[in-house]
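Every number for a ligand or one of its atoms is a count from 1 in the order of the listing.
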Amino acid sequence: MPTRSKTSKEHPDLESVMFTEAQIKKRVRELGRELRAAYGQGEFTIVSIINGAVMFTADLMREIDNPVRLDCIRISSYADRTKSVGTPQIVHSLTIDIAKRHVLLIDDILDTGKTITLVAGLIAKLRPASMKTCVLLDKQGRREVPFEADFVGFKIPDRFVVGYGLDFAERYRNLPCIGVLNPKLQNPPEWA
Ligand code: IMP
Ligand code: MG
């Protein structure tokens, strides 16, 4: 049976690879160190914005040995397009109590800033002891709502990327690398 290489091979639908699996792993490890420097040995509560932040959250959590609690929040914004449409909506909210807790909000990518601003606002209303934000990717040039994350994996240019949790119409989340989706496949896909 042919075995699929675990190293980041280019997927045929990618125009280029932006970050290889090894580069992501290295940066996530460094982010773990940055989190340990910020939180010491203390407990914190991770709020992960799903589905996009699933891989990043899972890997980052395993780089820290602090006691952590986890909850996920589901937000919809993109539908099957590559540009955010309208206002993001909360599809499924938090299920654990975060009052007086130190909260680390994690998302895959900070783009216009609308999603993280919405979730950060919701968390703030629940009176956490503190809130910090961590994103794997930051498309700084696309911001519509001013927002700076406390921890950023990589700053990237304005290209639509997929892989390592990031999707286009729910596809490509399982790619081990992050790559630029071939623009020919972006608008609108026949299979979406
Ligand atoms: P924002 O609300 O515009 O900041 O968008 C944040 C959300 O849009 C992220 O959680 C992603 O799900 C999605 N997103 C933004 N840019 C990309 C991209 O290049 N590829 C895949 N998803 C993206
Ligand atoms: Mg998302």
Side-chain angles (χ1 to χ4, degrees), residues 8 10-11 13-21 23-24 27-28 31 46-60 70-94 103-124 131-189 191-192:
S8 52
E10 285 203 27
H11 187 283
D13 294 356
L14 295 183
E15 182 188 82
S16 59
V17 171
M18 195 177 272
F19 301 109
T20 64
E21 184 177 12
Q23 287 171 320
I24 297 169
R27 187 66 189 115
V28 170
L31 281 172
I46 291 172
V47 173
S48 175
I49 304 181
I50 56 171
N51 293 328
V54 160
M55 312 274 173
F56 178 42
T57 303
D59 287 345
L60 187 58
L70 171 68
D71 203 356
C72 296
I73 186 164
R74 184 183 292 273
I75 306 292
S76 72
S77 54
Y78 267 61
D80 292 339
R81 301 179 185 86
T82 55
K83 300 283 175 199
S84 69
V85 279
T87 318
Q89 307 287 330
I90 298 165
V91 179
H92 192 279
S93 197
L94 298 176
V103 172
L104 178 68
L105 174 58
I106 300 183
D107 202 2
D108 51 0
I109 183 165
L110 182 48
D111 186 29
T112 65
K114 290 181 197 168
T115 303
I116 209 155
T117 300
L118 172 79
V119 179
L122 182 139
I123 289 171
M131 178 179 52
K132 291 187 190 295
T133 51
C134 176
V135 294
L136 178 63
L137 305 176
D138 183 358
K139 274 192 214 169
Q140 234 172 4
R142 292 225 341 125
R143 212 72 93 246
E144 291 176 25
V145 184
F147 197 100
E148 293 304 320
D150 297 292
F151 306 94
V152 174
F154 302 101
K155 292 193 171 150
I156 65 164
D158 180 12
R159 303 301 308 277
F160 192 81
V161 288
V162 294
Y164 195 66
L166 292 128
D167 74 307
F168 174 57
E170 291 305 323
R171 268 81 167 195
Y172 308 111
R173 291 196 197 274
N174 59 330
L175 299 187
C177 65
I178 293 173
V180 179
L181 184 64
N182 184 338
K184 287 192 196 113
L185 298 167
Q186 291 181 15
N187 290 306
W191 35 259

For this session: Take every heavy atom of L166, measure it against each atom of ligand 1, and state whether any distance is under 4.0 Å.
Result: yes
Seminar exercise, completed: For T112, the ligand 1 atoms with a heavy-atom partner under 4.0 Å come out as 1 (P), 2 (O), 3 (O), 4 (O)
Exercise. For ligand 1, does R159 get within less than 4.0 Å through its side chain, its backbone, both, or neither, judged by non-hydrogen atoms?
Worked result: backbone
Exercise. For ligand 1, which part of D107 has a heavy atom less than 4.0 Å away: the side chain, the backbone, both, or neither?
Worked result: side chain
For this session: Consider ligand 1: state whether an atom of it lies below 4.0 angstrom from any non-hydrogen atom of L181.
Result: no
For this session: Would you check if I116 and V119 make a side-chain contact, meaning some heavy-atom pair closer than 4.5 Å?
Result: no
Seminar exercise, completed: Contact region, I109 to ligand 1, non-hydrogen atoms below 4.0 Å, reads both
Exercise. Which of the numbered atoms in ligand 1 are below 4.0 angstrom from a heavy atom of K139?
Worked result: 16 (N), 17 (C), 18 (C), 19 (O)
Exercise. Can D59 and R27 be counted as an ion pair, charged N to O under 4.0 angstrom?
Worked result: no
Problem set entry | side-chain contact (heavy atoms from CB on, under 4.5 Å) partner of L166, chosen from L175, L181, N51, I178 | I178
For this session: Determine whether I90 and L122 make a side-chain contact, defined as any pair of heavy atoms from C-beta on separated by less than 4.5 Å.
Result: yes
Exercise. Any nitrogen or oxygen of V161, main chain or side chain, under 3.5 Å from a nitrogen or oxygen of ligand 1?
Worked result: yes
For this session: For R159, enumerate each residue passing the side-chain hydrogen bond (donor to acceptor under 3.5 Å, both in side chains) test, keeping only those at least two apart in sequence or located in another chain.
Result: E15
Exercise. Within the distance-only criterion (no hydrogens, no angle test), does the side chain of S48 pair as donor or acceptor with the backbone N or O of I50 below 3.5 angstrom?
Worked result: no
Exercise. What class does the angle between the rings of Y172 and H11 fall in, given that below 30° is parallel, 30 to 60° is tilted and above 60° is perpendicular?
Worked result: perpendicular
Exercise. Ligand 1 versus D108, non-hydrogen atoms closer than 4.0 Å: side chain, backbone, both, neither?
Worked result: side chain
Problem set entry | R142 near ligand 1 by a heavy-atom separation under 4.0 Å | no
For this session: With salt bridge (Lys or Arg N to Asp or Glu O under 4.0 Å) as the test, would you mind laying out the steps for D138 and K155 before giving the verdict?
Result: CA-CA 5 Å; D138 183 358; K155 292 193 171 150; 5.4 Å; no
Exercise. For G113 and ligand 1, does the shortest N/O to N/O distance drop below 3.5 Å?
Worked result: yes
Seminar exercise, completed: Atoms of ligand 1 under 4.0 Å from any heavy atom of D167, numbered from 1 in the order shown, are 21 (C)
